[in-house]
Amino acid sequence: MSKPTRTIANGENSVQPFTFFISYRRQDTAPIALLLKSEIEKRLQFVRVSVDVEEMAPGDRFPDRLRSLIDGAHATIALIGKHWMPGSEMSRGSPTVSDWVVEELIHSRTAPIGLPEADRFGLEERAIIPLFADCERGFHRFELRPELAFLADLHSEYIDYAGWPSAIGPLLDRLAVKLSLKKRPDADSYPKPDLAKARTQPLSDVELAQTLRYDDFEGWYVDNFGNAEVRYLVKTFKFPHFDQAAEFMALVSEHCKVLDHHPEWRNVFNHVMVSLTTWDAHRRVTIYDLNLALYMNMAAKTIAKKRPR
């Protein structure tokens, strides 16, 4: 085996994902915390997000488990809503009251990152990022404990729920730059549009529904994957083993070269999940997709007739 010759920095060769811990008060921003977790893991490469409700197992001691999650985190996001810090004796440091939000943030600041140096992504200490959500940006409206006064000196971010769709992308772009993380590609790459396909008339929803009633299109159905403007023909092919799934994909690939039309597909063991649309025709279903769907059904039947290896 050859020796590595490239210098690795900022966790580029780490086998430990960059981990965020989201600190929040449940009665304040719990739905936003779970939504934020989903967006971070979807948009940034090789990351993990810890949210206490998803990390606790029966029998876990709450304080110990929280500290363990923070120890393994590279960054803590302090999610701050209108009711983040109560203005009562709790915020004045009553010795009889335990406030886990306060404890989380103190531990985030004082505890070292509990990972080997190679897995710290170049960080000497844990990054702490205040994120105001659906409330006025600034700590002046809260009675901060002295131990949390440091938060006011940190650069903060802001997002509101109403503007979430347009704001979450730029917010995570800024976090990626700040923490030297990589974004996932925003979109798939496609070849130059084919003018002939672009002029092909897509099938109307009524025509598509009628066509799929024929036995030749057994198993195919329509999905839009959350986008009302597009249509896909979708089917999952199941084979006895991976060998047959691979043979199916090879057979279809050869036909795609002739047809000059290609599926969006994914193979897991003996399953091949297929989505067909004509992206040249604004991601609607055309005769190209119907032809390929027919061929795929015939190819699957051909392979099914063969003896298992």
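Just so you know, residue 1 is the first one in the sequence shown, and it goes up from there. Small disclaimer: the values here were computed from a predicted structure and weren't measured.
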Any chance you could measure His282, atom NE2, to Glu229, atom CD, to the nearest 0.5 Å? 11.0 Å
Please report the C-alpha distance between Val222 and Leu208 in whole Å, then the side-chain angles of each, then the deciding distance to 0.1 Å, and finally whether the side-chain contact (heavy atoms from CB on, under 4.5 Å) criterion is met. CA-CA 8 Å; Val222 178; Leu208 193 52; 3.5 Å; yes
Hey, is Arg43 close enough to Asp173 for a salt bridge, meaning N to O under 4.0 Å? no
Starting from the C-alpha separation in whole Å, work towards a yes-or-no answer on side-chain contact (heavy atoms from CB on, under 4.5 Å) for Tyr295 and Leu259. CA-CA 11 Å; Tyr295 183 83; Leu259 189 61; over 6 Å; no
Answer yes if Phe217 and Val272 sit in the same cluster of Ile, Leu, Val, Met, Phe, Trp and Tyr residues linked by side chain heavy atoms under 4.5 Å apart, and no otherwise. yes
Within a 6.0 Å radius of atom CD on Glu125, are there more than 12 heavy atoms belonging to other residues, nucleotides or ligands? no
Taking only Lys NZ, Arg NE, NH1 and NH2, and the carboxylate oxygens of Asp or Glu, determine whether Asp223 and Arg231 approach each other closer than 4.0 Å. no
Looking at CD1 of Ile287 and OG1 of Thr278, how far apart are the two atoms once the value is rounded to the nearest 0.5 Å? 9.5 Å
For the rings on Phe132 and Tyr158, is their centre-to-centre separation under 6.0 Å? no
Sequence-distant partners of Phe242, side chain to side chain contact (heavy atoms under 4.5 Å, CB included), two or more places apart: Ala246, Asn267, Phe269
Is the closest side-chain donor-acceptor distance between Ser156 and Arg137 under 3.5 Å? yes
Are Lys197 and His261 linked by a side-chain donor-acceptor pair shorter than 3.5 Å? yes
Check whether any side-chain N or O of Gln244 sits under 3.5 Å from a backbone N or O of His241 as a donor-acceptor pair, and report yes or no. yes
If we count only N and O atoms by modelled type, under 3.5 Å, do the side chains of Arg48 and Ser50 hold a donor and an acceptor together? yes
Taking atom CG of Leu212 and atom CG of Leu233, what is their separation to the nearest 0.5 Å? 6.0 Å
Considering all heavy atoms, the nearest Leu292-Cys256 contact: CD1-SG, 4.0 Å
Would you say the side chain of Arg266 lies within less than 4.5 Å of the side chain of Val268, judging by non-hydrogen atoms? yes
Determine, for Arg283 against Asp289, whether the closest basic-nitrogen to carboxylate-oxygen distance falls under 4.0 angstrom. no
I'd like to know if the side chain of Ser204 reaches the main chain of Glu207, judged simply by a donor and an acceptor atom lying under 3.5 Å from each other, with no hydrogens or angles considered. yes
Is there a donor-acceptor pair under 3.5 Å between the side chain of Thr286 and the backbone N or O of Tyr288? yes
Donor-acceptor under 3.5 Å (Asp28 side chain, His83 main chain): yes
Using every non-hydrogen atom in the two residues, find where Leu144 and Leu148 come nearest and quote the distance to one decimal. CD1-O, 3.8 Å
CD (Glu147) with more than 12 external heavy atoms under 6.0 Å: yes
Is His74 reaching over with its side chain to a backbone N or O of Asp119, donor-acceptor style, under 3.5 angstrom? yes
Kindly work out whether a path of hydrophobic side-chain contacts (I/L/V/M/F/W/Y, heavy atoms less than 4.5 Å apart) joins Tyr214 to Leu294. yes
Min side-chain heavy-atom separation Tyr24-Ile77 under 4.5 Å: no
Dump the intermediate steps for ring pair (Phe, Tyr, Trp, His ring centres under 6.0 Å) on Phe248 and Phe239, then the final yes or no. CA-CA 9 Å; Phe248 168 77; Phe239 300 93; 5.1 Å; yes
Side-chain heavy-atom pair Ile40, Phe20 within 4.5 angstrom cut-off: yes
Less than 4.0 angstrom from a charged side-chain N to a carboxylate O is my criterion; do Asp134 and Lys82 meet it? no
With rounding to the nearest 0.5 Å, note down the distance linking CZ in Arg126 to CG in Leu115. 8.5 Å
Ile22 CD1 to Leu69 CG distance, which is reported to the nearest 0.5 Å: 12.0 Å
Closest contact, heavy atoms only, Gly81 versus Phe142: O-CZ, 3.4 Å
Main-chain N/O of Val274 paired to Glu264 side chain as donor or acceptor, under 3.5 Å: no
Determine, stepwise, if the pair Lys306 / Glu247 fulfils salt bridge (Lys or Arg N to Asp or Glu O under 4.0 Å). CA-CA 11 Å; Lys306 295 182 178 181; Glu247 185 178 356; 2.4 Å; yes
Lys37 side chain vs Val49 backbone, donor-acceptor pair below 3.5 Å: yes
Intermediate values then yes/no, salt bridge (Lys or Arg N to Asp or Glu O under 4.0 Å), Lys42 and Glu39: CA-CA 5 Å; Lys42 179 173 69 176; Glu39 292 288 352; 3.6 Å; yes
Closest heavy-atom pair, Pro170 versus Ala167, reported as atoms and distance to 0.1 Å, is CD-O, 3.3 Å
Heavy-atom distance under 4.5 Å between the side chains of Leu66 and Glu103, does that happen here? no
Report the residues that fulfil ring-ring contact (aromatic ring centres under 6.0 Å, His included) with Trp265, sequence neighbours left out, ordered by chain and then residue number. none
Output the distance between atom CD1 (Ile168) and atom CG (Leu35), rounded to the nearest 0.5 Å. 7.0 Å
Can you tell me if Glu41 uses its side chain to pair, donor with acceptor, with the backbone of Ser38 under 3.5 Å? no
Under 4.5 Å between side-chain heavy atoms, hopping through other hydrophobics if needed: is there a path connecting Leu44 to Phe18? yes
Does a salt bridge link Glu157 with Arg174, judged by any charged N lying under 4.0 Å from a carboxylate O? yes
Compare all side-chain heavy atoms of Leu203 with those of Leu290 and state whether any distance is below 4.5 angstrom. yes
Run the salt-bridge test on Glu254 and Lys257 with the 4.0 Å N-O cut-off and return the result as yes or no. yes
Is the number of heavy atoms from other residues, nucleotides or ligands under 6.0 Å of Tyr161 OH greater than 12? no
Pair Phe237, Asn297 - check side-chain contact (heavy atoms from CB on, under 4.5 Å), show working. CA-CA 9 Å; Phe237 292 89; Asn297 275 8; 3.5 Å; yes
Consider only side-chain heavy atoms of I, L, V, M, F, W and Y, link residues closer than 4.5 Å, and tell whether Leu175 and Phe121 are in one cluster. yes
Between His107 and Asp71, does any side-chain donor sit less than 3.5 Å from a side-chain acceptor? yes
Return the minimal non-hydrogen interatomic distance between Ile80 and Thr29, and the atom names on each side. C-CG2, 4.4 Å
Looking at every heavy atom in both Thr19 and Gly72, which two are closest together, and how far apart are they? CB-O, 3.6 Å
Hydrophobic clusters here meaning ILVMFWY residues chained together by side-chain heavy-atom distances under 4.5 Å, can you tell me if Val234 and Leu276 are in one? no
Start with the C-alpha gap between Phe139 and Trp84, add the side-chain angles, then the distance that decides, and say whether side-chain contact (heavy atoms from CB on, under 4.5 Å) holds. CA-CA 10 Å; Phe139 289 98; Trp84 172 67; 3.9 Å; yes
Neighbour count above 12 (heavy atom, 6.0 Å) for Gln27 CD: yes
Pairing donors with acceptors under 3.5 angstrom, does anything connect the side chains of Ser23 and Glu104? yes
